[in-house]
Enquirer: 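Let me begin by handing over the structure; questions about it come next.
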Amino acid sequence: MRDNDRMRADADVVVRELRGDDAAAVAELSGQLGYPGTAEEVRKRIEAMTRSGDRVAFAAVRAAELVGWIDAAVERHLQADDAVVIGGLVVGETERGCGVGKRLCEEVERWAGERGFARVRVRSQIKRADAHRFYLRDGYRVVKTSLVLEKELD
């Protein structure tokens, strides 16, 4: 795609809040990055998010087709100032590099700023080099490297 095509493509995208009826498209896009889930599972997650004032999710739509999504939540800890954390960002394979991800991040950044938060944070798996380059180009910076540990509860 040429640069002029990218700019025109970006202008055709509408960003809006994610809705329960977006679940099938969200599940399909998530599967592209290795996060499988059924439309019903995703619908329940979207509905739970919309009931919380500390969580938000946005959809990028082009020509009535959902081409990307982002979700974020307020994270509060005793040892640090509150921050908004991007939990997931997925852009369809054919839309990557067209400004969709940037538009979605800007929407979360706007949402966070309107609520008085000073920063937006994102965690990205070490194997997602393309995502790292995207975030670094978009003004994010590496502040630490962590190991994620998890324990299954019975």
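For the numbers below, each heavy atom of this structure counts, side chains included, while hydrogens, waters and symmetry mates do not.
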Enquirer: Test of understanding: clusters of I, L, V, M, F, W, Y form through side-chain heavy atoms closer than 4.5 Å, transitively. Do F58 and V13 belong to the same one?
Expert: yes
Enquirer: Could you pull out the closest heavy-atom pair between A83 and R121, with the gap in Å?
Expert: CB-NH1, 3.7 Å
Enquirer: Answer whether the closest heavy-atom distance between the side chains of E109 and V84 falls below 4.5 Å.
Expert: no
Enquirer: How many angstroms lie between CG in D21 and CZ in R43, if you round to the nearest 0.5 Å?
Expert: 10.5 Å
Enquirer: Pair K102, E107 - check salt bridge (Lys or Arg N to Asp or Glu O under 4.0 Å), show working.
Expert: CA-CA 9 Å; K102 182 174 180 53; E107 196 63 24; over 6 Å; no
Enquirer: Does V91 share a hydrophobic cluster with V15, counting links as ILVMFWY side-chain heavy atoms below 4.5 Å and allowing steps through other members?
Expert: yes
Enquirer: Where is the tightest heavy-atom contact between D82 and R119, given as atom of each residue plus distance?
Expert: O-NH1, 4.4 Å
Enquirer: For a salt bridge (Lys or Arg N to Asp or Glu O under 4.0 Å) check, start with the C-alpha distance between R115 and D54, then their side-chain angles and the critical distance, and finish with the verdict.
Expert: CA-CA 10 Å; R115 284 155 182 76; D54 280 355; over 6 Å; no
Enquirer: In terms of side-chain geometry, is the basic nitrogen of R133 or D138 positioned less than 4.0 Å from the acidic oxygen of its partner?
Expert: no
Enquirer: Starting at CD of E47, measure out to OG of S52 and round the result to the nearest 0.5 Å.
Expert: 14.0 Å
Enquirer: Can you check side chain to side chain contact (heavy atoms under 4.5 Å, CB included) on R16 and D22, steps first, answer last?
Expert: CA-CA 11 Å; R16 60 161 172 76; D22 295 321; 2.8 Å; yes
Enquirer: Do I46 and V56 belong together in a cluster built from hydrophobic side chains that touch within less than 4.5 Å?
Expert: no
Enquirer: What distance do T145 atom OG1 and R123 atom CZ have between them, rounded to the nearest 0.5 Å?
Expert: 12.5 Å
Enquirer: Does V74 belong to the same Ile/Leu/Val/Met/Phe/Trp/Tyr cluster as V85, with side-chain heavy atoms less than 4.5 Å apart forming each link?
Expert: no
Enquirer: Does the E65 side chain pair with the main chain of R62, one donor and one acceptor, at a distance under 3.5 Å?
Expert: no
Enquirer: Side-chain donor-acceptor contacts of residues 27-36 below 3.5 Å, not counting sequence neighbours, with atom names and distances?
Expert:
unit_1	atom_1	unit_2	atom_2	d
E28	OE2	Q32	NE2	3.3
S30	OG	V26	O	2.8
Q32	OE1	E93	N	3.1
Y35	OH	Q125	NE2	2.7

Enquirer: Quick check for you: to the nearest 0.5 Å, what is the distance between D71 atom CG and R45 atom CZ?
Expert: 10.0 Å
Enquirer: From W69 CH2 over to E17 CD, what is the distance, rounded to the nearest 0.5 angstrom?
Expert: 15.0 Å
Enquirer: If you look at every heavy atom in V108 and A72, which pair is closest and at what distance?
Expert: CG1-CB, 3.7 Å
Enquirer: Is E40 atom CD crowded by more than 12 heavy atoms from other residues, nucleotides or ligands, each under 6.0 Å away?
Expert: yes
Enquirer: Considering residues, nucleotides and ligands other than E152, do more than 12 of their heavy atoms fall under 6.0 Å from its CD?
Expert: no
Enquirer: If you take all heavy atoms of A24 and A39, which pair is closest and at what distance?
Expert: CA-CB, 3.8 Å
Enquirer: Say you draw a straight line from CG of L104 to CD1 of I86; how long is it, rounded to the nearest 0.5 Å?
Expert: 9.5 Å
Enquirer: Would you name the heavy atoms of A73 and R55 that are closest together and state the gap between them?
Expert: CB-CG, 3.7 Å
Enquirer: Among the clusters formed by ILVMFWY side chains lying less than 4.5 Å apart, do V100 and V90 turn up in the same one?
Expert: no
